[in-house]
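Below is one structure, written out as structure tokens, with a few remarks after it.
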Amino acid sequence: SVAIFDDIAAIIVIALFYTDGLSVFSLVGGFAGLATLVVMNRLGVTRIAAYAIVGIIVWLFVLKSGVHATLAGFAVACTVPLRTRDAQASPLRHLEHSLHPWVAYLILPLFAFANAGVSFSGISMDTLVGPVSIGIAVALFVGKQVGVFSIVWLAVKLKLARLPQGATWTSVYGVALLTGIGFTMSLFIGSLAFERGEFDHLVATRVGVLAGSILSATAGYLLLRREFAVKPETAPQGAQQGAVS
């Protein structure tokens with residue numbers, strides 16, 4: 001859930017801050033397409049092809065509007081029905097399961113191959129310790145954990161939410177550390193931020209994302225491993241016997 005909301009927040013950031021000129025006509029067309037999808041949802045339309053056709057039209061309008069088209073995919077997905085009025089299978093779950101192999105084994109690896117490749121032969125010490133690399137690494141490692149942990153702490157203290165059963169603040173902090181593992185959206189935003197700059201910061205961006213991700217993954221893993229390690233003296237008798245055998 002944290003990863004999903006994190007990506008949604010990144011998409012909103014892209015839509016708000018990486019938009020050039022706005023086309024009112026295209027925006028109106030995009031909103032009209034979304035309204036059509038919402039009406040289809042309320043009328044109980046379950047054919048995925050219908051949502052796909054209208055969704056492509058929405059994507060084209062958003063692409064032409066000046067707003068980054070990534071937002072269109074998120075918005076269209078929100079209109080696909082999760083539940084149906086009869087015993088039919090959920091269209092959204094069916095679509096999710098159908099697309100998962102393509103995303104996991106084709107789209108994501110291609111994106112990673114195209115965006116994460118770093119030629120170490122072209123990296124100097126200035127690149128490794130430069131302000132862009134250090135800034136991105138610190139933002140991922142420090143910024144993400146502080147932001148996520150603070151929001152969770154505030155929500156619990158204001159009684160807007162409660163910790164899951166068996167969870168501790170240490171385990172919550174461990175999960176907050178893991179949110180610093182930035183890859184697809186971090187690389188995407190970095191490429192958008194520096195694509196029109198005077199200097200080429202793409203290599204520094206990749207180095208910063210990889211460094212921040214490695215630090216976050218290592219720190220989160222070590223903390224959670226220590227938190228959930230079962231001590232022999234506190235483990236149930238059956239667990240101790242199983243460990244001995």
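Nothing fancy with the numbering, it's 1 onward along the sequence. These numbers were taken from a predicted model, which means no experiment stands behind them.
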Taking the side chain as every heavy atom from C-beta outward, state whether [X] and [Y] have any atom pair closer than 4.5 Å.
X      : Y      : value
Asn41  : Val80  : no
Lys144 : Leu178 : no
Leu163 : Trp169 : yes

Legend entry - Donor-acceptor pair between Gln145 and Ser216 side chains, under 3.5 angstrom: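 No.
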Sidechain-backbone polar pair: [X] side chain, [Y] backbone, donor-acceptor under 3.5 Å:
X      : Y      : answer
Thr179 : Ala176 : yes
Ser65  : Ser23  : no
Tyr51  : Val45  : yes

Are [Y] and [X] co-members of a hydrophobic cluster defined by side-chain heavy atoms under 4.5 Å apart?
X      : Y      : result
Val76  : Phe61  : no
Leu222 : Val175 : no
Leu160 : Ile151 : no
Ile8   : Ile189 : yes
Tyr173 : Val156 : yes

Inset, instruction - Show your working on side-chain contact (heavy atoms from CB on, under 4.5 Å) between Met40 and Thr79 and close with a plain yes or no. - result: CA-CA 8 Å; Met40 290 166 53; Thr79 65; over 6 Å; no
Inset, instruction - Kindly give the heavy-atom pair with the smallest separation between Gly208 and Leu140, and that separation in Å. - result: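 What the structure gives for the nearest pair is O-CD1, 4.3 Å.
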Legend entry - For the student: nearest non-hydrogen atoms of Ser133 and Ala204, plus distance: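 Ser133 and Ala204 have their closest heavy atoms at OG-O, 3.1 Å.
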Roughly how far apart are [X] [atom1] and [Y] [atom2], rounded to 0.5 Å?
X      : Y     : atom1 : atom2 : answer
Thr36  : Ile53 : OG1   : CD1   : 13.0 Å
Leu99  : Ile48 : CG    : CD1   : 8.5 Å
Ile12  : Phe74 : CD1   : CZ    : 6.0 Å
Arg93  : Leu82 : CZ    : CG    : 5.0 Å
Leu27  : Lys64 : CG    : NZ    : 14.0 Å
His100 : Leu95 : NE2   : CG    : 13.5 Å

Legend entry - NE2 (His94) with more than 12 external heavy atoms under 6.0 Å: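 Check fails, neighbour count at 12 or below.
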Legend entry - Other residues, nucleotides, ligands: >12 heavy atoms within 6.0 Å of Phe31 CZ: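 No - once you tally the heavy atoms of other residues, nucleotides and ligands closer than 6.0 Å, there are 12 at most.
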